[in-house]
Structures are given as structure tokens and as C-alpha cells.
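Note on naming: letters A, B, ... go to the chains in the order of the sequence lines (proteins, then strands), and numbering restarts at 1 for each one.
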2 protein chains.
Amino acid sequence: MNKNETAAVISLTNIKAACKSCTLRELCLPYGLREPDLSAVDKVVKRRHKLKKGELLYRFGDPLKSLYAIRSGALKTTSLLGDGRAQVMGFYLSGELLGMDAINTDHHPCSAEALEASEVCEISYSDLEGLAQEIPGLQHQLLRIMSREITQDEQLLMMLGQMSAEERLASCLMSFSKRRARLGLAESDLKLSMSRRDLGDYLGLALETVSRLFSRFQDEGLISVQGRHVRLHDMERLRTIATGFRDEQNMRA
Amino acid sequence: MNKNETAAVISLTNIKAACKSCTLRELCLPYGLREPDLSAVDKVVKRRHKLKKGELLYRFGDPLKSLYAIRSGALKTTSLLGDGRAQVMGFYLSGELLGMDAINTDHHPCSAEALEASEVCEISYSDLEGLAQEIPGLQHQLLRIMSREITQDEQLLMMLGQMSAEERLASCLMSFSKRRARLGLAESDLKLSMSRRDLGDYLGLALETVSRLFSRFQDEGLISVQGRHVRLHDMERLRTIATGFRDEQNMRA
DNA sequence: CGAGTGATTGAAAGAACTCAAGACCGGTGG
DNA sequence: CCACCGGTCTTGAGTTCTTTCAATCACTCG
């Protein structure tokens with residue numbers, strides 16, 4: 001084991017995160033920032049946390065202390081109904097920011113759980129707000145990221161409110177594909193980190209329905225499925241389904 | 001007609017809005033601000049617009065120029081699917097802020113339409129961002145309002161993803177009730193400004209289902225309905241339904 | 001190798017939708 | 001002032017999509 005590898009091992013436990021040297025920088029909060037602002041942002045990033053699969057980053061009702069940027073892995077945020085029904089509010093991948101829904105009330109309205117071994121950067125919210133006050137580019141990016149969160153929720157609203165089960169899954173797959181492309185990964189080759197139940201709780205469907213849809217899509221040659229590994233074969237047709245063209249004729253508008 | 005009334009008539013057409021003298025100030029963007037910040041906010045508020053029922057404030061794809069604060073009336077924001085299916089993303093009432101979902105891409109992902117004669121204050125977004133840079137209290141409030149938008153979307157997600165039609169309508173009624181209370185109005189006496197179709201497009205239900213539910217709730221003594229005028233008789237039971245207790249036993253969690 | 005979790009598949013049930021017919025309501029014009 | 005009109009709302013009947021319940025299969029990990 002050489003010196004670098006040793007350093008890497010140590011870094012995983014508790015090192016101060018450094019946006020400066022982070023490959024996800026341009027996808028994340030410091031997007032567009034240059035020195036010395038970059039170093040300033042580094043100062044409000046407390047440290048990295050490693051999460052095991054199934055571990056909670058925060059839970060419903062916790063006071064807001066920090067936002068979290070995902071360095072690697074994947075998380076879901078979930079909210080519960082009185083009798084235990086769960087809605088997955090979102091899946092979060094590398095370069096994405098988590099916890100903004102807590103700013104309003106200073107308490108997290110969701111729980112956040114790691115879907116696989118993950119690493120997150122903890123960003124003190126009060127420090128961040130202070131720094132955004134001084135760095136226009138940071139304020140701008142924070143507002144944009146929050147706005148993106150809103151539009152993502154709105155896309156999910158469209159799925160849950162108007163789309164058939166088939167359309168929901170197609171949309172979901174296309175969304176995962178796009179986000180992988182954003183990270184520079186193969187867009188037609190998905191390794192899902194969530195269970196069928198999670199997917200169902202996200203799409204507002206029973207897990208059995210999700211499973212059946214995977215099978216149906218496979219039978220129709222749209223995708224191939226091996227457990228959580230999904231290959232997209234016909235992105236064009238998936239996109240058409242996801243866009244919600246039920247028939248070409250009889251449009252309402 | 002005395003001098004004041006004349007002034008009032010003129011003011012309705014095009015007067016510069018004035019947060020200072022607005023009764024909704026504490027529910028709106030300038031919440032918590034004092035002079036001289038209040039006057040500074042007034043400067044980025046361009047002017048008031050009057051909207052007739054059915055008029056569009058902006059439409060899908062329009063470039064983001066301004067956010068809008070509602071002074072009176074009510075609006076809905078809607079997004080369309082390929083074949084014309086519509087999802088109502090939100091209903092907006094007095095004191096609420098509209099258009100934040102456009103910040104991410106600089107284009108509105110929804111259309112906004114007045115449900116009744118309404119008045120809105122136009123707030124130049126670039127000016128607002130600049131001012132938020134200088135006034136910490138304003139930045140804070142803007143972030144809080146955007147976070148509130150996220151949590152509201154998340155509540156709707158829970159409704160659309162997990163709740164039965166009955167639970168959705170109960171939630172919706174309770175939400176309207178709370179927002180009326182926030183404005184200091186009678187919380188058990190709703191005058192809906194949207195059609196059954198709008199409500200259905202919001203709740204992800206057919207308009208006939210919404211209508212049937214109103215009837216059923218009325219039969220059960222929960223509410224009384226006369227067209228768009230709804231009286232809530234049993235808020236306690238409505239709240240229970242809205243919280244999602246299907247049965248008291250067999251909880252999943 | 002058995003236990004346990006997660007995924008698939010089938011059959012039956014149910015919630016909400018679609019289609020369709022009328023009722024209601026407010027506005028307009030004779 | 002009343003009849004008529006268009007839009008909105010209500011109600012019914014039958015259908016469809018998704019769920020629920022249940023059984024089986026696959027995989028992983030002590």
C-alpha cells in the first residue's frame with residue numbers, strides 16, 4: 001500500500017471535505033465559483049459522512065442543522081402516513097443536494113436513508129446562508145438548486161396525478177437515465193439501488209405492479225431486466241410513453 | 001365620490017405597489033423586515049396587475065422575468081401532458097408567491113391562470129436576487145418561501161401517491177381551511193374559486209369522482225355543499241381522514 | 001444448506017374512471 | 001320578468017386498471 005492509498009483510507013473516515021478537489025464540483029453547490037469563493041465554501045462544509053446501506057442521515061422531525069451533498073451512493077427521502085403507508089419523495093444521487101425542504105420550518109419533514117453505501121458532505125445550513133449572503137454566485141446557485149427541487153417535485157406530481165402505471169415507470173427510467181448521463185455514465189445501463197417496494201412507494205404503485213411492468217416492458221423489447229440491473233433498449237419509445245401520448249388523436253387542449 | 005375614492009380607482013389601474021402599507025406584508029416576502037429594508041423591497045416590486053377570471057399571468061415556456069405575490073384573488077398553476085391531460089400543480093391565494101419553479105431554467109414550467117378576478121404584485125426576479133444579496137432578512141425569507149413550496153409539493157405528492165380519493169379531498173379541504181385561517185378568515189367556511197375539474201386535475205381524480213365525494217361527505221354530515229360554497233362541519237373527523245388512518249390497527253411501521 | 005429477504009406471477013376484488021343523461025345555475029336578451 | 005342558453009355539476013351504469021392476497025421462485029448470507 002503506497003502513501004496515496006493510505007491517505008485515501010484515512011480520508012474516508014473523517015477528513016474535511018474539499019470542494020476544490022472534488023470532481024463533482026461543477027454539478028454541486030459551488031457550480032461556477034472560482035477562488036477565493038471556492039475556499040470559502042469549503043469552510044462551511046463540515047465534513048464527510050459515510051453511510052452504510054439502510055442507515056438514516058436524518059429522520060422526520062429532526063431539527064435542521066445541515067444540508068447534505070452526495071459525493072457517492074444514493075439516498076431516498078420518505079414521508080409516512082398515519083397508518084404507515086410510505087411515500088418516497090425523491091431519490092438522490094451523486095452531486096445532488098438534500099434537506100432543503102427543512103428550511104421552512106427548521107425541521108425535516110422527511111427521513112433520509114441510504115440505499116447503498118454512500119458518502120455525503122455535511123454543510124452547515126446557517127453557515128451556508130451566511131456565506132450565500134456574501135457570495136452572489138453561491139446565493140444564485142442555492143436558489144437554482146431549490147428551484148430545481150421544486151420542478152422535480154412537479155414532474156413527479158404530473159406522474160402521480162395524471163400518468164398510467166406504464167407511463168410512470170417509463171418516466172422514472174428516463175429520469176434515471178438522464179441523471180446518469182449528467183454524471184457522465186452510460187445512460188442506457190441502469191443499476192438501480194432501490195427495491196421494487198421503494199420504486200412503488202415513489203411511483204404510487206404497488207410493488208407487484210412495478211414488477212409486472214418491468215416484465216411487460218421486457219416482453220415488449222423496451223428494456224431488459226436482471227433484478228436491479230436494467231438495460232434500456234428503446235429509449236425513443238420509452239421517451240414517447242413517458243411524455244404521455246396515449247393516442248395521437250383526441251387531444252384535450 | 002370623494003377624493004379618497006378617486007385615488008382608489010386610479011390606484012387599481014397601475015399604481016406602484018407599496019409593501020409598507022400592505023396588510024398582507026407579514027404573510028408575504030417582506031415578512032419581518034423593517035425600514036429601511038421595507039422601502040428597498042418596495043423598489044423591486046414593479047407594479048400591480050389586475051387579472052380577470054381566466055386570464056393567464058404567464059404561460060408554459062415563458063422566460064422568467066418576475067415572481068408574483070398575490071394581493072387578492074386566487075390562481076392555479078398547470079402543466080400539460082402530451083395528449084392534453086392537465087395537472088394542477090398548486091392553487092395560490094393572497095399573500096402567496098408564484099413562479100419560483102422557473103428559477104432553475106429561467107423559463108416557466110407551468111402556466112398560471114386566474115381562477116377569479118385577482119390582483120398580483122410583480123417582483124422583478126433579477127432585482128429581487130440582487131436585493132436579497134444585500135438584505136439578509138430578505139434572503140432568509142425567500143429561501144423559506146421556496147422551502148415551503150417544496151414541502152407543499154411534498155404534501156401533494158403524499159396525497160397523490162398514497163391516499164385514497166376520500167383522503168385526498170379531506171386533505172385538500174383541511175389545507176384550504178388552514179390557509180384561510182392564516183389570512184384571518186373563517187376556517188370552516190370555504191368559497192372555492194376553482195371548478196370540480198380543476199380540483200380533480202389537482203387531486204389526480206376525475207371531476208365526477210370529486211363531485212361524488214362532495215356528495216358523500218355531505219351525506220355523512222362532514223360538510224355541507226352548495227356548489228362552490230362548502231361548510232366544514234366536522235373538522236376533527238376530516239382531519240383524521242386527511243392524516244391517513246385507514247384503520248387504527250395493522251400499521252406497517 | 002436453510003432461513004430470510006426480495007422479486008415474480010396468478011387470480012380475484014375493488015377503487016376510480018369513462019360514458020352518458022339530466023339537473024342546476026347565472027347570465028342574457030326578448 | 002321570464003325563457004333560454006352554455007357551462008358546470010350531479011348521478012348512474014358498466015368497464016378498466018391497479019391492488020390485494022397468495023403462492024412460488026431466486027439470491028444472499030450466516
| message | What is the separation between atom CG on A:Asp219 and atom P on C:dT8, rounded to the nearest whole Å? | response |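 In whole Å, C:dT8 P and A:Asp219 CG are 12 Å from each other.
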| said: With a 4.5 Å cut-off on side-chain heavy atoms, are A:Lys50 and A:Ser118 touching? | reply: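 A side-chain contact under 4.5 Å is absent here.
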| Taking atom C1' of C:dA7 as reference, at what distance in whole Å does atom NE2 of A:His229 sit? |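 These atoms are roughly 17 Å apart.
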| said: Side chain of B:Ser215, heavy atoms from C-beta onward: which of C:dT8, C:dA7, D:dT10 has the nearest atom to it? | reply: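 Nearest to the side-chain atoms of B:Ser215, counting from C-beta on, is D:dT10.
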| task | At under 4.0 Å between heavy atoms, which parts of nucleotides 25-30 of chain D does protein reach? Answer with one letter per nucleotide, 5' to 3': B base, S sugar-phosphate only, - none. | result | ------
| For A:Leu213 and C:dT9, what is the distance between atoms CG and C1' respectively, to the nearest whole Å? |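 Distance check: A:Leu213 CG to C:dT9 C1' gives 13 Å.
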| message | List the residues meeting salt bridge (Lys or Arg N to Asp or Glu O under 4.0 Å) with B:Arg237, not counting sequence neighbours, and say none if there are none. | response |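 So B:Arg237 forms a salt bridge (Lys or Arg N to Asp or Glu O under 4.0 Å) with B:Asp234.
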| said: Any non-hydrogen side-chain atom of B:Cys110 less than 4.5 Å from a side-chain atom of B:Asp101? | reply: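 In contact.
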| request: Respond yes when some side-chain nitrogen or oxygen of A:Ser195 is under 4.0 Å from OP1 or OP2 of C:dT5, and no when none is. | output: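 Answer is no, no contact under 4.0 Å.
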| What pairs with B:Arg216 under salt bridge (Lys or Arg N to Asp or Glu O under 4.0 Å), at least two apart in sequence or on another chain? |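 Only B:Glu166 meet the salt bridge (Lys or Arg N to Asp or Glu O under 4.0 Å) criterion with B:Arg216.
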| said: When the axes are fitted on five pairs at both termini, how much does the helix from C:dC1-D:dG30 to C:dG30-D:dC1 curve, in 10° steps? | reply: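 Roughly 30°, once rounded to the nearest ten degrees.
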| How about A:Leu51 and A:Val120: do any of their side-chain heavy atoms sit closer than 4.5 Å? |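 Contact flag for A:Leu51/A:Val120 side chains = yes.
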| message | Rounded to whole Å, please give me the gap between CD in B:Gln226 and P in D:dT8. | response |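 In whole Å, D:dT8 P and B:Gln226 CD are 20 Å from each other.
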| request: Would you indicate what A:Ser211 reaches in the nucleic acid, counting non-hydrogen atoms under 4.0 angstrom: base, sugar-phosphate, or nothing? | output: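 Base: the residue A:Ser211, judged by heavy atoms under 4.0 Å, touches a nucleobase.
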| By salt bridge (Lys or Arg N to Asp or Glu O under 4.0 Å), which residues pair with A:Glu96, not counting sequence neighbours? |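 Salt bridge (Lys or Arg N to Asp or Glu O under 4.0 Å) list for A:Glu96, sorted by chain: A:Arg179.
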| said: Ignoring hydrogens, what is the shortest heavy-atom contact between B:Ala165 and B:Thr209? Give both atom names and the distance. | reply: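 Minimum heavy-atom separation between B:Ala165 and B:Thr209: CB-CG2, 4.1 Å.
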| said: Per the salt bridge (Lys or Arg N to Asp or Glu O under 4.0 Å) rule, what does the pair list look like for residues 186-195 of chain B, sequence neighbours excluded? | reply: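 Listed by first then second residue: B:Asp189-B:Arg231.
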| said: For A:Glu122 and A:Ser66, which I'm curious about, is there any donor-acceptor pair between the side chains at under 3.5 Å? | reply: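 Looking only at side-chain atoms, A:Ser66 and A:Glu122 do form a donor-acceptor pair, the distance falling under 3.5 Å.
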Any N/O pairs under 3.5 Å between the protein and nucleotides 10-17 of chain C? List them or say none.
from   : atom 1 : to       : atom 2 : distance (Å)
C:dG10 : N7     : A:Arg212 : NH1    : 2.8
C:dG10 : O6     : A:Arg212 : NH2    : 3.2
C:dA16 : OP1    : B:Ala165 : N      : 2.7
C:dC17 : OP1    : B:Ala206 : N      : 3.0
C:dC17 : OP2    : B:Ala206 : N      : 3.1
C:dC17 : OP2    : B:Thr209 : OG1    : 2.1

| For the pair made of CZ in A:Arg196 and P in D:dT20, what is the distance, rounded to whole Å? |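 Computing the A:Arg196:CZ to D:dT20:P distance gives 18 Å.
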| request: Under the salt bridge (Lys or Arg N to Asp or Glu O under 4.0 Å) rule, collect the residues that match up with B:Glu167, sequence neighbours excluded. | output: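 Expected list: A:Arg85.
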| Those residues that, when tested against B:Phe217, pass ring pair (Phe, Tyr, Trp, His ring centres under 6.0 Å) (two or more places apart) |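 B:Phe217 satisfies ring pair (Phe, Tyr, Trp, His ring centres under 6.0 Å) with no other residue.
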| task | Not counting sequence neighbours, list each pair that qualifies as a ring-ring contact (aromatic ring centres under 6.0 Å, His included) and has a residue in residues 183-215 of chain A. | result |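 Qualifying pairs: A:Phe91-A:Tyr202.
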| task | Not counting sequence neighbours, which residues clear side-chain hydrogen bond (donor to acceptor under 3.5 Å, both in side chains) with A:Thr77? List them please. | result |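 Applying side-chain hydrogen bond (donor to acceptor under 3.5 Å, both in side chains) to A:Thr77 gives none.
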| request: Scan side-chain atoms only and decide if A:Gln218 and A:Ser224 contain a donor-acceptor pair under the 3.5 Å cut-off. | output: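 No, no side-chain donor-acceptor pair sits under 3.5 Å.
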| request: Using whole Å, report how far CG of A:Leu203 lies from P of D:dT19. | output: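 One finds 10 Å between P of D:dT19 and CG of A:Leu203, rounded.
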| request: May I have the distance from A:Arg85 (atom CZ) to D:dT20 (atom C1'), rounded to whole angstrom? | output: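 Nearest whole value for this atom pair: 14 Å.
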Between protein and nucleic acid, restricted to nucleotides 22-24 of chain C and to nitrogen or oxygen atoms under 3.5 Å apart, what atom pairs and distances do you find?
none

| Rounded to whole angstroms, how far apart are CE on A:Met194 and P on C:dG6? |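 Going from CE in A:Met194 over to P in C:dG6 covers 14 Å.
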